[in-house]
Colleague: 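Have a look at the structure that comes next, please.
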Amino acid sequence: MFVLVTIQREEKGLLARAAEFFGPGALEVKRRSFLGNGYYHITDHTEGRPHWEQLARAVGRAATRLVVAGEEEPPPGSGLRLYDPAVFAGRMTAVAGLQALRSMGEEGRRAAIAMVDEEGLFTWCAGELARQCGLLRVYTRRPDRYRALCRELMEGLGASLTLAETPGELESCRFAVSPAPTGVWKLPVPVITINHSGIQGRPTINRLEPELSPELEKEIPPGVDRMLFLGAAWETGLRRFPLDMKIRSYRVDGRLVAAEGQGPLPDPRRRVGP
C-alpha cells in the first residue's frame, strides 16, 4: 500500500479556509486500485503551501511510501518521505538489457556483456541476463553472493557467468547493465543504468520509460511520474504484475530517444540521431 498525493492549487473563500483550520477539509481521500494493488490517492486543495502536517496525520504508517504528482517534495521534519522503488528501477535496467540483446539477434546470444553490482544485491538480474547472452561478466565487491549463482547457471543451464576482479575487465564487453546506484566512474562501453547513478558510459542510457497498453495508461493518474507510480505499485502491492513490457523511450547522454514504433530498444552501440 502506498499513498499518491496530488497538490491542486485553487482560490478559496472564507468558509473553505475555516473548514481547513478546524478539520481536514483541504484533503480529499480516495482509495483506488492498480492491477489489483490498492493505494490511497489524496488530493490537497490549497491556495499556497501544501498541508504537509495534515497529510502526515492522514497517511499514518504509510508516511514513507509517498508518491507526489509533480515537483513538490515534503520538507524536512514533516515525517513524510518520498518512496524510492529501487528494486523496480533495477528491474527495468534488466528489461532494457534483455531488449537490447534480442534486438541484436544471434550476435546478442553470442555476446559478452557486463553487469555492475557493487553491493551484490541484484543477483536475480544477473541470472536473467546470463541466460540470454554468450557470457555475463559481473563486477561486484561481494563475490560471495555470486558464487552459488555461477555454479547453478553453469551446471544447470549451461549459461556462463564470471566475476571481474577490476572494472577494467568489463571494457571488452559489448555493453554494461548497472541496476543499482554507484559512485562516479566511467566505462568505455555503453551503459544502461538507473537514474541518479554516478556511473558513465559511452554512451550512458537511462531515464527508461516502459511501454504500457492504452488501458493501463488510463489507470495512471495525471501528473505523476510513471516509473515512480509503477514502482510503488509493484513493490508495495500484494500482486506482482508481470514486467514483460518493452521500453518505449530512454535518454542517451541526456538526449531523449523515443523507441515507440521502432520495435525493440536498439543496439546501444549504434549511434542514434545526429
Side-chain angles (χ1 to χ4, degrees), residues 1-10 28-45 62 65-72 82-105 108 124-125 128-129 132 177 179 192-196 205-252 254-268 270 272-273:
M1 181 71 69
F2 69 100
V3 176
L4 170 65
V5 175
T6 298
I7 310 298
Q8 184 171 317
R9 288 185 167 79
E10 55 194 42
E28 178 187 353
V29 183
K30 294 182 179 180
R31 178 157 184 168
R32 294 184 172 175
S33 176
F34 180 79
L35 293 178
N37 296 305
Y39 69 96
Y40 285 100
H41 188 180
I42 300 179
T43 303
D44 182 4
H45 301 273
R65 294 182 170 186
L66 199 70
V67 175
V68 178
E71 302 297 323
E72 300 275 1
L82 297 180
Y83 189 70
D84 178 20
V87 175
F88 178 81
R91 175 72 69 172
M92 286 295 99
T93 65
V95 169
L98 291 172
Q99 199 167 318
L101 285 170
R102 293 187 184 114
S103 73
M104 295 160 59
W124 51 264
C125 179
E128 293 182 5
L129 292 169
Q132 302 296 327
V177 172
I192 301 172
T193 185
I194 63 171
N195 304 338
H196 311 301
I205 301 169
N206 57 10
R207 302 286 178 180
L208 307 170
E209 287 283 347
E211 181 179 340
L212 303 178
S213 67
E215 293 76 19
L216 284 184
E217 288 282 4
K218 292 178 182 178
E219 291 192 35
I220 299 180
V224 65
D225 183 289
R226 296 165 75 255
M227 284 286 282
L228 291 178
F229 181 87
L230 290 171
W234 191 77
E235 291 188 9
T236 68
L238 298 177
R239 298 183 182 180
R240 288 282 182 96
F241 47 88
L243 298 178
D244 53 356
M245 56 193 72
K246 295 181 179 180
I247 301 298
R248 74 170 187 179
S249 66
Y250 46 92
R251 289 189 179 270
V252 178
R255 183 163 48 86
L256 181 65
V257 175
E260 188 175 5
Q262 300 175 18
L265 183 71
D267 175 358
R270 182 173 65 82
V272 181

Colleague: Work out which heavy atom in Val5 is nearest to a heavy atom in Leu66; give both atom names and the distance.
Modeller: CG2-CD1, 3.5 Å
Colleague: Applying the side-chain contact (heavy atoms from CB on, under 4.5 Å) criterion to Leu212, which one of Lys218, Glu217, Glu219, Arg248 satisfies it?
Modeller: Glu217
Colleague: Test: side-chain hydrogen bond (donor to acceptor under 3.5 Å, both in side chains). Region: residues 228-237. Which pairs qualify, not counting sequence neighbours?
Modeller: Tyr83-Glu235
Colleague: What's the verdict on side-chain contact (heavy atoms from CB on, under 4.5 Å) for Phe2 and Val67, showing C-alpha distance, side-chain angles and the deciding distance?
Modeller: CA-CA 8 Å; Phe2 69 100; Val67 175; 4.0 Å; yes
Colleague: Any side-chain heavy-atom pair from Asp44 and Thr6 closer than 4.5 angstrom?
Modeller: no
Colleague: Please examine the side chains of Ile192 and Tyr250, heavy atoms only from C-beta on, and report whether any two atoms are closer than 4.5 Å.
Modeller: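 Answer no - side chains too far apart.
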Colleague: Under 3.5 Å, is there a donor-acceptor pair between the side chain of Gln99 and the main chain of Ile247?
Modeller: yes
Colleague: With Asp84, which residues qualify under side chain to side chain contact (heavy atoms under 4.5 Å, CB included), at least two apart?
Modeller: Ala86
Colleague: Working to the nearest 0.5 Å, report the span between CD of Glu211 and OG of Ser249.
Modeller: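 If we round to the nearest 0.5 Å, Glu211:CD and Ser249:OG are 9.5 Å apart.
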Colleague: With sequence neighbours left out, write down each residue that passes side chain to side chain contact (heavy atoms under 4.5 Å, CB included) with Lys30, or none if nothing qualifies.
Modeller: Glu28, Arg32
Colleague: Out of curiosity, Leu98 CG to Cys125 SG, how far, rounded to the nearest 0.5 Å?
Modeller: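 Rounded to the nearest 0.5 Å, the CG-SG separation comes out at 7.5 Å.
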Colleague: If the condition is salt bridge (Lys or Arg N to Asp or Glu O under 4.0 Å), which residues does Glu209 pass it with, not counting sequence neighbours?
Modeller: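 Salt bridge (Lys or Arg N to Asp or Glu O under 4.0 Å) list for Glu209, sorted by chain: Arg226.
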Colleague: For the CZ atom of Arg240 and the CZ atom of Phe88, what is their distance to the nearest 0.5 Å?
Modeller: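 Answer for the CZ-CZ pair, Arg240 versus Phe88, is 10.5 Å.
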Colleague: Measure across Ala89 and Ile194 and return the closest heavy-atom pair with its distance rounded to 0.1 Å.
Modeller: O-CG2, 3.7 Å
Colleague: For the pair Asn37 (side chain) and Arg239 (backbone), establish whether a donor and an acceptor sit closer than 3.5 Å, ignoring hydrogens and angles.
Modeller: yes
Colleague: Go through the steps to decide whether Val3 and His41 satisfy the test side-chain contact (heavy atoms from CB on, under 4.5 Å), and finish with yes or no.
Modeller: CA-CA 6 Å; Val3 176; His41 188 180; over 6 Å; no
Colleague: Run Val257 and Ile205 through side-chain contact (heavy atoms from CB on, under 4.5 Å) and show every step you take.
Modeller: CA-CA 10 Å; Val257 175; Ile205 301 169; over 6 Å; no
Colleague: Surrounding CZ of Arg9 (heavy atoms of other residues, nucleotides or ligands, distance under 6.0 Å), is the total greater than 12?
Modeller: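 Result for CZ/Arg9: enclosed.
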Colleague: Testing the basics here: between Ser103 and Ala100, what is the closest heavy-atom pair and its distance to 0.1 Å?
Modeller: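 Looking at all heavy atoms of both residues, the closest pair is OG-O, 2.7 Å.
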Colleague: In Å, rounded to the nearest 0.5 Å, how long is the span from CG of Leu230 to CG of Leu35?
Modeller: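 Answer for the CG-CG pair, Leu230 versus Leu35, is 8.5 Å.
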Colleague: Sequence neighbours excluded, which residues qualify as ring pair (Phe, Tyr, Trp, His ring centres under 6.0 Å) partners of Phe34?
Modeller: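 With sequence neighbours excluded, Phe34 shows a ring pair (Phe, Tyr, Trp, His ring centres under 6.0 Å) to Phe229, Phe241, given in chain and number order.
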Colleague: Indicate the atoms forming the closest heavy-atom contact of Pro210 with Met245, along with that distance.
Modeller: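 Closest heavy-atom pair between Pro210 and Met245: CB-SD, 3.1 Å.
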Colleague: Measuring from atom OG1 of Thr93 to atom CG of Leu129, what distance do you get when rounded to the nearest 0.5 angstrom?
Modeller: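 Nearest 0.5 Å value for the OG1-CG distance: 7.5 Å.
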Colleague: Of the non-hydrogen atoms in Val177 and Gly97, which two are nearest, and what is the gap between them?
Modeller: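 So the minimum-distance heavy-atom pair works out to CG2-CA, 4.2 Å.
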Colleague: Quick one: salt bridge (Lys or Arg N to Asp or Glu O under 4.0 Å) partners of Arg91, sequence neighbours excluded?
Modeller: Glu128
Colleague: For Arg207, is there any backbone N or O sitting under 3.5 Å from a side-chain donor or acceptor partner on Asn195?
Modeller: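 Yes; judged by distance alone, with no hydrogens or angles, the pair exists.
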